[in-house]
Amino acid sequence: GAVVSQHPSRVICKSGTSVKIECRSLDFQATTMFWYRQFPKQSLMLMATSNEGSKATYEQGVEKDKFLINHASLTLSTLTVTSAHPEDSSFYICSAREGGLNTEAFFGQGTRLTVV
Amino acid sequence: AQKVTQAQTEISVVEKEDVTLDCVYETRDTTYYLFWYKQPPSGELVFLIRRNSFDEQNEISGRYSWNFQKSTSSFNFTITASQVVDSAVYFCALSEVGNQGGKLIFGQGTELSVKP
């Protein structure tokens, strides 16, 4: 299947700093990418839908100024956690669709963010 | 509104037993897609199956089988002759045609533990 690469896989940062997470579709073009957040032992919660060349659509309750999403090309979307705090510590995972709804969403490996 | 319910939070079986993971969904759309994903301890989501709302045929893939029943809004997943390597968290997900880009709504997940 198609490959989605997410980097870094783990990151530890200090409170108040910003962290950027990259999501790349390696062998296909993804007009739409999704960012999810997963707390331990919980389900994946959609944070935002990222469309190439336009502003991301955020889910209710997600702070767009805190979680900056940029989808600069058909193969790259980035999530920047700004002014991170310990409560932002979580598992962040991206996904990308190769085509329309009749195609599966391929997921990146996930990024475990720890804010100390 | 769309919703996916996986009532079984945790299931524990002994190797070689058959196990069924339940998934019940809610949607107002007549066209939608259902998915199952496996999340091993490494965190990466592994795609298992995609089913569209117009195809109620059951599917079998090796030891895996899926039973889609629109009448009860269920999309259950059965593992036959379970193995220790099947231990993981399994997520059922729904994607509606009306949702922008086809975002996935996940169930709460079922943690399957297969003991030797």
Side-chain angles (χ1 to χ4, degrees), chain A residues 1-10 23 30-60 62 69 71 77 90-113, chain B residues 1-10 21 23 25 27 29-55 59 61 66 88-113:
Chain A
V3 178
V4 174
S5 177
Q6 192 171 335
H7 178 81
S9 57
R10 288 180 180 272
C23 180
T31 54
T32 305
M33 291 186 175
F34 305 88
W35 287 95
Y36 294 84
R37 181 174 182 176
Q38 186 180 30
F39 290 104
K41 299 277 189 181
Q42 293 191 26
S43 186
L44 286 79
M45 300 302 296
L46 180 66
M47 299 174 67
T49 302
S50 167
N51 294 296
E52 185 267 337
S54 64
K55 291 183 178 179
T57 301
Y58 290 81
E59 294 297 301
Q60 194 172 7
V62 178
I69 292 173
H71 196 155
S77 176
S90 190
F91 189 65
Y92 294 88
I93 189 165
C94 71
S95 76
R97 282 186 184 271
E98 185 173 9
L101 290 174
N102 195 33
T103 58
E104 58 267 35
F106 295 99
F107 284 81
Q109 305 92 322
T111 297
R112 190 161 303 282
L113 170 64
Chain B
Q2 65 274 24
K3 185 180 178 181
V4 177
T5 302
Q6 294 178 254
Q8 305 147 308
T9 306
E10 297 179 10
L21 283 60
C23 173
Y25 62 92
T27 177
D29 278 15
T30 55
T31 303
Y32 52 88
Y33 296 84
L34 296 165
F35 301 78
W36 274 95
Y37 286 88
K38 174 182 180 180
Q39 187 178 40
S42 61
E44 184 175 359
L45 280 170
V46 178
F47 167 80
L48 296 178
I49 190 172
R50 173 192 71 246
R51 173 67 67 202
N52 76 57
S53 53
F54 298 108
D55 182 2
E59 182 156 338
S61 177
W66 291 268
V89 180
Y90 290 85
F91 289 98
C92 179
L94 166 72
S95 178
E96 296 174 324
V97 170
N99 279 336
Q100 179 184 7
K103 63 185 180 183
L104 289 172
I105 305 299
F106 285 86
Q108 302 90 321
T110 297
E111 184 172 5
L112 174 65
S113 176

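We name chains A, B, ... by the order of the sequence lines, and we start the count at 1 in each one.
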Which value, rounded to the nearest 0.5 Å, describes the distance between [X] atom [atom1] and [Y] atom [atom2]?
| X | Y | atom1 | atom2 | answer |
| --- | --- | --- | --- | --- |
| S43(A) | Q39(B) | OG | CD | 9.0 Å |
| Q109(A) | L45(B) | CD | CG | 11.0 Å |
| E44(B) | Q6(A) | CD | CD | 9.5 Å |

Under 4.5 Å from a heavy atom of chain A, the part of Q6(B) involved: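 Contact with chain A: none, neither part.
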
F91(B) side chain near Q38(A) side chain, heavy-atom distance below 4.5 Å: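 Yes. Closest side-chain heavy atoms under 4.5 Å.
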
Note, L44(A) side chain near L104(B) side chain (heavy atom, < 4.5 Å):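 They are not in contact (no side-chain heavy atoms under 4.5 Å apart), so the answer is no.
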
Portion of Q42(A) that has a non-hydrogen atom of chain B nearer than 4.5 angstrom: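 Backbone only.
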
L46(A), part contacting chain B, at a heavy-atom distance under 4.5 Å: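 Just the side chain, heavy atoms under 4.5 Å.
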
Whether Y37(B) side chain and F107(A) backbone form a donor-acceptor pair below 3.5 Å: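 Here the side-chain-to-backbone pair does not exist.
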
